[in-house]
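Heads up: the structure comes next, in structure tokens.
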Number of protein chains: 2
Amino acid sequence: MTEPPKKRGRPRAFDPSLALDRATDTFLRFGYAGASLEALTTAMGVNKPSLYATFGDKRRLFFRALEELATKIGRRCRLAFERGDSLESSLREMFLEAVDIYSSSDAPAGCLVVSGSATEAIVDEGMAQFSRELFALCDKVMAKWMVPYVREGSAVSAMVLSQLCNGVIHDISLRARIGESKVKLREHARGAAVALARSVT
Amino acid sequence: MTEPPKKRGRPRAFDPSLALDRATDTFLRFGYAGASLEALTTAMGVNKPSLYATFGDKRRLFFRALEELATKIGRRCRLAFERGDSLESSLREMFLEAVDIYSSSDAPAGCLVVSGSATEAIVDEGMAQFSRELFALCDKVMAKWMVPYVREGSAVSAMVLSQLCNGVIHDISLRARIGESKVKLREHARGAAVALARSVT
DNA sequence: TCATTTTTGTACCGAATAGAACAAAATGCC
DNA sequence: GGCATTTTGTTCTATTCGGTACAAAAATGA
């Protein structure tokens, strides 16, 4: 499968998927407003007309990057959570994974929503809505993971715990972005796992 | 006190303190990169030469805004925390205060560090350093407030609790910025207070 | 071979950008 | 009143911004 469909005209000289990854890095690095078309096209190895033909304008390119990255990160978090065999160990795995994601040496530090679309959200209702829906989804999905660990009638519901976990992850992305060391971030992740696990006991 | 020092030349036609507040709002609204000098001078009611003479360039103006705002917010958080008479009530007061601060109708929603300097931190080491030092200070100061409520030898230290609290506050600023309702934010704040207070029991 | 189709590279557009130059205006001091 | 001083408003500049026009290039189909 995925054999080339043998299209008619001149073949593209770049890999759209790879180019999108480069665009993601550029948006991560400079933010949405700060990422100039020149920086984007240079990083992507693509001319402006090709960029427009393939991805539409800057804003649509950003949404494509957002969607792709959110999916990737969501999957990594779920897999990390599933590695644990207790609430505390699951949270620890997930938070440590967040440290790896947001302070990887392969990409600019931080989160494309926290430091990208959220910043733009005030002047772009579309980005605000995207962010709200994504946050709501994360809260809801993660709450499901929490259910087995929350006693019935507990003072702390699965949803509250889930929102706190997402808050910790957002905070890790922030602290990574401003250059806190991996050692410190990992300590932070472990401490948060202990505390949040204790909150439902 | 504060009597006019009777300077020599033509008197300024604007109040620098008020102008700085307007600049803060503009940076909050558009982010650092997105806030154009025209938007700034228009909001501040000041011409560009006056802006440069009074505050230096755009970057220095931003630092001035940051410093002033951080002081104000720090004070409000401390006062709110002191209104409580238990860990849970103190945290609740503080988190609810954060909701008011970050989703006030008087100013654009969100936090100038989270959605401002942190976004710029990767391309501006000065902003990264400012943010790191501010976060470290907040963690340290808030940890002192927590000490009375943390048992000796507890699995959750005052510092871990403090970092979590700051994480909750950062998260509230984020969720406020993307337009979550005050009702939802207040629920979030109350839930976080319950959970974090329970984590040290 | 040659027409058709699609992408490529270059060159360009008007608007907006951060910042500076400069003379007029408004004050205190002598 | 005049002079020194400082701020003001206007104007300018060089650059960069997001986005596009257009023709050459590279593939397929007939």
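Sequence lines set the chain letters: A, B, ... in the order given, protein chains first and strands last, and positions in each chain run from 1.
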Worksheet item: Under the salt bridge (Lys or Arg N to Asp or Glu O under 4.0 Å) test, which residues partner A/Asp124, sequence neighbours left out?
Response: A/Arg59
Practice prompt. Write down the distance between CG (B/Leu40) and C1' (C/dG19), rounded to a whole number of angstrom.
Written response: 13 Å
Practice prompt. Write out all pairs satisfying side chain to side chain donor-acceptor pair (under 3.5 Å) with one or both partners inside residues 88-97 of chain B, taking only residues at least two apart or from two chains.
Written response: B/Arg76-B/Glu97, B/Arg83-B/Glu93, B/Arg83-B/Glu97, B/Asp85-B/Ser89, B/Ser86-B/Ser89, B/Glu88-B/Arg92
Practice prompt. Return the set of residues passing side-chain hydrogen bond (donor to acceptor under 3.5 Å, both in side chains) with A/Thr26 (not counting sequence neighbours), or none when no residue passes.
Written response: none
Item to complete: Starting at the 5' end of nucleotides 4-17 of chain C, put B wherever the base has a protein heavy atom under 4.0 Å, S where only the sugar-phosphate does, and a dash everywhere else.
Response: BBBBSBB------S
Worksheet item: Can you name the residues that form a side-chain contact (heavy atoms from CB on, under 4.5 Å) with B/Arg12, not counting sequence neighbours?
Response: B/Phe14, B/Pro16, B/Thr54
Discussion item. Can you list everything that forms a side-chain hydrogen bond (donor to acceptor under 3.5 Å, both in side chains) with A/Ser173? Sequence neighbours excluded, please.
Written reply: none
